[in-house]
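Throughout, a chain's letter reflects where its sequence line sits, starting with A, and its residues are numbered from 1.
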Number of protein chains: 2
Amino acid sequence: MTLEIPEVVINRLPVYARALAALAMDGETVVSSQTLGERLDVTPAQIRKDLSYFGRFGKQGRGYNVLGLLAKLREILGLDRKWQVALVGVGRLGQAIAEYGGFEPQGFQIVAVFDSDPAAVGTTVNEVVVRDSEELDTFLRQNPVDIGVVAVPAHAAQQVVDRLVNAGIRAILNYAPMMPHVPLDVAVRNIDPVLAMQSMTFYIKRQDLTGAK
Amino acid sequence: MTLEIPEVVINRLPVYARALAALAMDGETVVSSQTLGERLDVTPAQIRKDLSYFGRFGKQGRGYNVLGLLAKLREILGLDRKWQVALVGVGRLGQAIAEYGGFEPQGFQIVAVFDSDPAAVGTTVNEVVVRDSEELDTFLRQNPVDIGVVAVPAHAAQQVVDRLVNAGIRAILNYAPMMPHVPLDVAVRNIDPVLAMQSMTFYIKRQDLTGAK
DNA sequence: TCCCTGTTGTTACGGATTTCACAACCGTAG
DNA sequence: CTACGGTTGTGAAATCCGTAACAACAGGGA
Ligand SMILES: NC(=O)c1ccc[n+]([C@@H]2O[C@H](COP(=O)([O-])OP(=O)(O)OC[C@H]3O[C@@H](n4cnc5c(N)ncnc54)[C@H](O)[C@@H]3O)[C@@H](O)[C@H]2O)c1
Ligand SMILES: NC(=O)c1ccc[n+]([C@@H]2O[C@H](COP(=O)([O-])OP(=O)(O)OC[C@H]3O[C@@H](n4cnc5c(N)ncnc54)[C@H](O)[C@@H]3O)[C@@H](O)[C@H]2O)c1
């Protein structure tokens, strides 16, 4: 019944939601797919098509109610509630993540932090006690956590991912430079600035050859 | 002549390259698309098709020479040379980026760092002096920089991007939570953990409804 | 009331990407 | 020197996704 929704579409929804939130801040009450598209470099048709997977949210001749559509998108994405996050690895990056103020306002709460280094265990990052990663399984089985964030060295990442998955977590944000293996029903997103750069070089190398100005 | 190559293909090449480097480290000398695909969760056909855009690198019956293919990919992507990187914004995130040891070994050298805060200007991060972002244009016109990394607050990001672009930079790695506007000939990659999480919630919310064990 | 402007929701089309399937080929063993 | 298991490179088929186009409609003004 629920037509299968392409993952690319799902990935664009949060982008729309963020833009709508910004428009709302600016005091805009309605927006057309045209206007929204210009802001995001997306064609209006794309936006309308994406939204049509979920229902009819606009009004002909006027566009979309900013707050109304935002609420709908948040509902669709499940952003109308809080999500519990566990962070594994409190090295340099892990600390930066724990202290980043961008998650909380969006409903992502880091409720647990783990590390294997005895020197780190027991310390506090952003008001959360660092637990021994041996306790990961026990803790996660007793406390509801929705998303796991992996910030350990690459060689330890698969093991950490496996533990998270075994503990029942079905969404993982991975910062380690490797592609984790997970079951089909577990969502993974990789954050990898090096890969991002390495794909851009192809294009700037190319332009040099093509002989720009 | 050079058949247009899909961007998705380009984005996968660095992943292949990294896996090949890992295989080389393990002492493997040849690898089949099958084996490589298992490691990366990519179908063998996909790998072969991707590579076929650039030439014929394998041997029937054996597979690919690990070092040979790695060298080819690095050449294709332009990773066989060093790239100069400029970082704008040395707040918490900017410092973490400057100190991250993962760029240098891949040939990405942060050669300049900028910030608008007078308190930050003149200080040193990872042995590089922080310059006033007013000097951005002057500096970039005199020193060759290939890639710009944006780590400033969202409200300042478009302005920074514009400056980088005007200074001739054609590749931008953006950490600010917004979608920068750039000319067609400028490559952009956005790093945004919040968006990543916000798309995963759709799937884990869904599973809850479907009623998993 | 009727017409005009603006914008949606949707269907149909076409292009892009992935998958399939197999002929061609390599190296080895007999 | 032939046969065989293994694997590539690649067209053709299948699937996925984005774009175009337009009927339907909302609101406002004459
Ligand atoms: N994607 C990015 O933007 C980005 C940026 C920086 C670093 N990284 C990657 O993130 C990871 C961490 O980087 P870092 O600079 O913080 O490294 P780090 O060495 O400073 O920190 C790693 C932490 O993980 C802990 N750890 C190791 N094995 C563990 C295990 N099995 N269980 C729990 N904790 C464990 C260590 O004790 C340490 O505290 C690395 O893989 C690095 O490549 C990614
Ligand atoms: N993608 C991620 O993983 C991630 C993580 C953390 C933060 N962020 C984002 O990165 C950005 C920086 O985060 P932060 O925590 O470092 O913030 P911050 O406030 O600590 O640092 C921002 C820095 O940018 C400087 N700056 C401001 N305007 C500038 C301008 N016009 N030119 C040059 N420099 C300017 C400020 O002086 C400051 O030093 C924010 O947009 C934040 O949302 C992204």
Side-chain angles (χ1 to χ4, degrees), chain A residues 1-13 15-16 19-20 23 28-73 76 179 184 199 202-203, chain B residues 1-16 19-20 23 28-70 72-73 76 179 184 199 202-203:
Chain A
M1 220 243 97
T2 304
L3 196 53
E4 203 49 56
I5 294 154
E7 183 165 335
V8 270
V9 172
I10 301 301
N11 291 338
R12 278 191 295 265
L13 262 28
V15 180
Y16 300 160
L20 288 167
L23 285 167
E28 301 290 334
T29 61
V30 292
V31 67
S32 65
S33 57
Q34 171 76 45
T35 309
L36 188 58
E38 278 164 15
R39 264 179 102 114
L40 297 173
D41 253 319
V42 172
T43 64
Q46 175 103 84
I47 293 174
R48 294 202 300 277
K49 185 79 187 283
D50 286 350
L51 296 178
S52 77
Y53 281 101
F54 303 96
R56 316 158 119 225
F57 309 119
K59 259 207 184 97
Q60 278 116 331
R62 305 216 14 88
Y64 302 88
N65 178 291
V66 172
L67 256 18
L69 182 55
L70 177 54
K72 270 296 177 193
L73 287 179
I76 292 164
M179 295 296 176
L184 262 19
S199 64
F202 174 81
Y203 295 101
Chain B
M1 223 250 97
T2 305
L3 195 52
E4 205 48 58
I5 295 153
E7 183 166 335
V8 271
V9 172
I10 301 301
N11 291 337
R12 279 191 294 264
L13 297 186
V15 180
Y16 300 160
L20 288 167
L23 284 167
E28 302 291 333
T29 61
V30 292
V31 67
S32 66
S33 57
Q34 171 77 47
T35 308
L36 188 58
E38 278 164 15
R39 266 180 100 115
L40 297 174
D41 254 319
V42 172
T43 65
Q46 173 98 270
I47 293 174
R48 295 202 300 276
K49 186 74 172 208
D50 286 349
L51 296 178
S52 77
Y53 281 101
F54 302 96
R56 313 154 70 116
F57 309 119
K59 260 209 182 93
Q60 280 114 332
R62 303 206 30 75
Y64 301 88
N65 178 292
V66 172
L67 256 18
L69 182 55
L70 177 55
K72 272 295 177 194
L73 287 179
I76 291 164
M179 296 296 176
L184 263 20
S199 64
F202 174 81
Y203 295 101

Could you write nucleotides 8-13 of chain D as a row of B, S and -, 5' to 3', where a protein heavy atom under 4.0 Å of any base atom gives B, of only sugar-phosphate atoms gives S, and otherwise -? BBBBB-
Sub-4.5 Å side-chain heavy-atom contact between [X] and [Y]:
{"X": "B/S52", "Y": "B/R56", "answer": "no"}
{"X": "B/Y16", "Y": "B/V42", "answer": "yes"}
{"X": "B/F202", "Y": "A/L13", "answer": "no"}
{"X": "A/M179", "Y": "B/D41", "answer": "no"}
{"X": "A/I47", "Y": "A/Q34", "answer": "no"}
{"X": "A/L67", "Y": "A/N65", "answer": "yes"}
{"X": "A/V30", "Y": "A/Y64", "answer": "no"}

Distance, rounded to the nearest Å, where A/I47 contributes CD1 and D/dT19 contributes P: 11 Å
Could you check how far CG of B/L36 sits from C1' of D/dT7, rounded to whole Å?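 After rounding, the gap between these two atoms is 14 Å.
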What are the 5'-most and 3'-most nucleotides of DNA chain C lying under 4.0 Å from any heavy atom of chain B?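 Reading along DNA chain C, I get C/dT17 to C/dG27.
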As an exercise, state the distance from CD of B/Q46 to CG of B/L51, rounded to the nearest 0.5 Å. 10.0 Å
